[in-house]
Amino acid sequence: MKKTIFPIITILAIVLLIFLPYFIGAYLLHVLMTIFIYMTLALSWDMMLRTGQLSFGVAGFFGVGAYASIITCSRFGFNPLVSILFAGFFVALIALGLGFAVLKLRDIYFSITTLAITMVFSVIIRNIPKLTGGASGKVIPNVIFNGDSAKTYWLILSLALITILISEMFNRTKIHFAINSIRNDEIIARSSGINIFGYLLFVFIISSALQGIAGAIYTQQYGFVSPETTFSLDFLLLPMAMALVGGIYSTWGSVIGALVLGFASEYLKLIMPYGHLIIYGIMIVLIILFLPKGIYGTTKDKIITHKIEKKSLSE
Amino acid sequence: MKRIFLVMMSLLMVFSCALAAEKPIKIGAVNPLGDITGDQATKAMKLAVKEINDAGGVLGRPIELIVIDDEMNPAKGAAAIERLATVENVDFFVGGMGSGVHLAQVPILKKYQKITVWIGAASHQAEIAMGPDADWYFHLHPWDYQQGEGYGVGWTEIVHAYPNVKIEKVFLAYEEGAFGTDSYTSYIDLYEAAKRGEGSWKEILKEFKGASFKSASLGGGDYRAMLNQAKAFNPDLFIWAGYDADAIPIVAQAKEVNFQPPLFVGAPPGWPADFGKNPLSENVILYGMWAPTLNEVSPVAKHFYDAYVEMWKEEPATYFAPLGYTNIYFLVEGIKKAGSLDKNAIIEALRTIEYESPLGEVLKIEPSRIIKNQGFKYQKILQWQKGRQEVIWPLELATTQLVYPFKFGK
Amino acid sequence: MLNLEKTNKSLKKTLIAFIIFLIVVGIWKPLALVYGIQRGGLYSLIGLPLALILGIVGILNLAHGDFLTLGLYIGYIFFNSWSIDPLISMAPLFFILFGLGMVIYSILIRRVLKAGHLNQLLLTFGISMIIIELIKIIWTTRPRSVYTSYASSSVTLGNMSIGMYEFIYPAMAIAVLVILQLFLKKTRLGQAASAVGQNPKGAEIVGINTNVVYLVVFSIAFGIIGVAASVMLPRTPVFPLSGNPYTLKSFALVAMAGLGNLNGILIGGITLGVAEAIVQSIPGYEGWSDVVFFGILIAVILLNAYRRPES
């Protein structure tokens with residue numbers, strides 16, 4: 001009974017999401033689009049986290065993807081959708097190259113290096129104005145789909161759904177065991193014959209490509225890039241917060257976290273025009289203190305404990 | 001006496017009821033409330049709205065101002081426009097400050113094509129993004145390239161009016177982000193034009209050099225390498241384009257490096273709270289659109305200043321305050337002149353209005369490089385003297401004489 | 001985690017290379033050397049407390065720079081309201097921030113010690129947001145400053161004007177480093193702290209009260225932040241994000257020096273400062289100084305990783 005309900009609910013939810021543009025207005029659609037972009041970033045960050053590596057490079061791959069898309073569009077006349085795919089591929093290539101150097105590092109060294117790489121990307125791009133427009137950035141004459149909200153929404157929705165799919169695959173197939181074991185203890189993992197570097201590289205490339213595609217789509221939606229806005233650390237810190245608040249090491253955690261923090265940040269300011277970010281910060285602090293496994297993580301635990309109690313009572 | 005008072009009160013009540021019974025004209029504003037520019041622009045707009053409603057509203061209807069914070073974030077700024085257009089159903093868009101935010105809003109503004117009177121976005125990129133066909137778009141803030149052109153006009157007039165002032169070598173220190181770099185590009189264009197004998201700097205500018213620095217607002221704050229370059233160049237006029245956080249450190253470090261150009265000019269979008277109190281501020285020249293001393297030469301400026309202080313119990317500290325006030329009044333004058341809410345009528349009316357603004361000059365619409373409806377073109381040249389920002393140019397609005405050459409305060 | 005066993009030989013080698021580097025730069029670009037030592041000293045001074053907290057307590061404090069900002073505002077208030085010179089406010093600032101550290105540790109940090117790095121990271125991120133927004137509400141985003149006549153003092157050598165004030169940064173960094181090393185090696189509490197840093201579980205078994213150690217180390221680190229704020233105040237504009245960029249720079253320094261290597265923070269900080277200053281002094285290439293900063297950082301981390309045996 002349970003096994004058939006779940007897929008049905010999922011399909012219903014997806015259908016609802018697809019038909020959403022016909023029910024809700026442009027504003028809510030816009031908010032959802034932003035949330036889905038952040039959700040993709042949160043999920044892709046979490047994927048890397050499951051291997052035990054805390055990556056601070058999200059904003060870097062996001063930015064490179066954005067620039068790859070805009071440059072191929074405006075200089076080489078690529079079709080916007082093609083440029084987005086190209087951006088993903090380009091970022092994947094960069095991740096492949098970087099991976100060989102960087103994936104030997106662990107802990108804070110890996111984190112700081114990925115953050116440093118983000119800064120290096122941003123500054124290099126700022127200093128080659130002939131290609132990238134330099135500090136002033138670049139504008140393209142037409143945004144994707146000429147600003148049609150529904151089509152842009154479907155594009156972003158597809159990205160989010162694909163990311164959720166990939167995340168679930170990582171959590172269900174045998175990749176799940178390999179990744180978990182790498183995260184828990186690399187020495188044991190290696191002695192079980194797991195190719196640690198291979199798995200890390202694989203996850204690194206996939207998560208970076210997703211981040212690059214997210215950057216490309218975001219930039220095509222608004223039609224401009226600039227080093228300050230496109231490489232903003234908001235694209236790193238907010239997705240991290242969303243994944244942590246929702247519950248790490250799980251798909252639903254990032255989804256819930258993105259929805260909660262995303263809607264909160266938009267609607268808090270309508271209620272409290274001044275100082276709403278304090279409430280946002282307090283929310284984060286309280287959730288970390290009282291729900292250390294995140295919203296989804298803690299709820300899941302409670303449900304499991306409840307079930308165990310029920311079972312032991314009925315025995 | 002009491003009876004007259006009662007009659008007046010009831011008349012006023014009936015009047016306001018009649019006003020309230022009419023559906024309000026809705027104006028949507030998107031400002032960065034977390035920054036002093038957006039905060040004070042909003043307050044000034046609310047002041048203007050209150051004054052207009054107290055005077056009877058527009059076309060017999062009150063105006064309602066709805067303000068949403070753009071949080072200086074492009075996606076949020078864009079979402080704010082969507083909300084104002086579709087949820088709040090506003091008739092007009094006003095406000096603005098940052099260029100990056102505005103670039104994200106441009107595609108959405110084009111979607112709805114409501115009359116937009118914008119006081120932000122100095123970057124020419126925004127003009128390129130908007131394009132030449134947006135008849136409904138009015139841009140009041142001077143573009144980056146216009147500002148540089150204005151200073152050429154200003155300094156040329158000053159050189160004629162003050163015979164001992166010489167300006168042939170100019171050094172520009174620009175912050176390495178979009179804001180500073182746009183300044184640099186504009187100056188390079190003006191310099192190239194001057195070399196060909198064209199443009200507003202042609203009479204004075206002979207040599208030009210620029211160097212970038214990292215603004216203190218963005219993690220920098222050490223200008224000494226750049227200042228040493230400036231010192232070696234030995235300019236007649238040194239100008240820095242950065243942010244308010246750079247204002248004091250740059251003068252302090254210039255003193256440390258022993259670099260004392262005859263004209264020390266700062267061009268940040270705003271100034272620190274206590275710059276005037278700092279001895280280092282003496283005789284620093286600044287580019288800006290407004291200063292409190294304008295109260296002495298412009299009755300409109302004085303009225304705005306006093307009304308703002310009375311309503312908000314604080315002083316306006318940035319030109320975005322009088323600019324926000326101008327924003328609302330200009331739009332409202334246009335609606336009044338058109339006599340209706342017909343879009344084309346209002347566009348025509350706005351193009352012909354001349355509004356005496358609290359910035360001390362008259363606002364009228366002319367085309368700029370790409371768009372058709374540009375408002376203010378030039379800023380002003382001011383100088384800090386004894387803790388006050390005095391106007392030096394335009395000469396008609398000058399509040400005092402220029403002190404030259406620049407020497408470090410004690 | 002704290003590794004105090006960098007052998008004397010390796011330290012001597014690094015020190016000699018470092019001094020040769022400084023001499024070469026001094027001959028080639030003397031002003032860059034001066035500015036680099038001054039700014040680099042500031043990076044070191046601000047990096048040391050982060051190294052303490054990360055090395056011994058094990059917390060990634062994303063609000064590090066924002067507490068520095070808080071210190072700057074408090075110093076500004078002292079100056080503005082009671083005309084207290086910034087350098088004199090060093091003592092009260094140390095104690096005020098020490099106390100603040102105790103409060104923050106007891107109320108917030110203690111609860112997430114067992115929850116893992118990520119939760120600590122997110123907690124400090126939330127704290128950072130709260131601090132910045134509180135400051136914005138109370139004081140707005142407009143920068144303020146403190147004026148002292150000695151902040152722009154300089155000495156003229158030939159046609160070079162060398163600023164004197166900022167030498168206080170490397171001076172304080174060295175002083176703090178020396179005091180910290182003495183504390184960690186010679187006092188009982190300090191030795192307990194090193195033990196906890198190297199092996200928290202082992203230290204508990206031996207009977208060390210890790211909680212007290214964490215509390216004291218955390219508070220001392222905050223106190224040093226207060227000291228840094230007081231010396232920065234005469235030369236730094238005070239606004240909500242004044243200190244924020246130093247969080248990243250401090251993390252970079254700690255990663256470059258290696259966890260537990262306090263001496264490395266001083267050497268690394270000054271090296272990075274000098275490298276930045278060299279790039280900034282090349283006309284037309286000022287914008288590349290960040291690339292050099294982070295490039296050196298990445299290079300050092302990678303070199304160390306490939307030299308170290310796989311753990």
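Since we're looking at a predicted model, the values are computed, not measured. Just so it is clear: chains get the letters A, B, ... in the order the sequence lines come, proteins before strands, and each one is counted from 1.
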Margin query: I'd like to know if C/Arg39 and B/Asp222 make a salt bridge, using a cut-off of under 4.0 Å between side-chain N and carboxylate O.
Written below: yes
Checklist line | Smallest separation among heavy atoms of C/Thr140 and B/Ile36, with atom names | finding: OG1-CD1, 4.5 Å
Check: Side chains of B/Lys231 and C/Met160: does their closest heavy-atom pair fall under 4.5 Å?
Finding: no
Margin query: Quick check on C/Glu276 against chain B: is it the side chain, the backbone, both or neither that has a heavy atom closer than 4.5 Å?
Written below: neither
Checklist line | C/Pro237 side chain near B/Pro249 side chain, heavy-atom distance below 4.5 Å | finding: yes
Note to self: Using side-chain contact (heavy atoms from CB on, under 4.5 Å), reason through B/Gln229 and C/Gln280 one step at a time and then give a plain yes or no.
What the structure shows: CA-CA 10 Å; B/Gln229 277 192 52; C/Gln280 280 170 0; over 6 Å; no
Checklist line | Contacting moiety of C/Tyr76, where chain B heavy atoms sit under 4.5 Å | finding: side chain
Notebook entry, point to check: Is there a donor in the side chain of C/Glu286 and an acceptor in the side chain of B/Ser212, or the other way round, less than 3.5 Å apart?
Noted result: yes
Notebook entry, point to check: By a 4.5 Å heavy-atom criterion (distance strictly below it), what part of C/Gln38 contacts chain B: side chain, backbone, both, or neither?
Noted result: side chain
Notebook entry, point to check: Do B/Lys214 and C/Asp290 sit within salt-bridge range, that is, some charged N less than 4.0 Å from a carboxylate O?
Noted result: yes
Item checked: Part of C/Tyr35 lying under 4.5 Å from any heavy atom of chain B -> both
Margin query: Can you tell me which portion of C/Ser145 sits under 4.5 Å from chain B's heavy atoms? Options are side chain, backbone, both or neither.
Written below: both
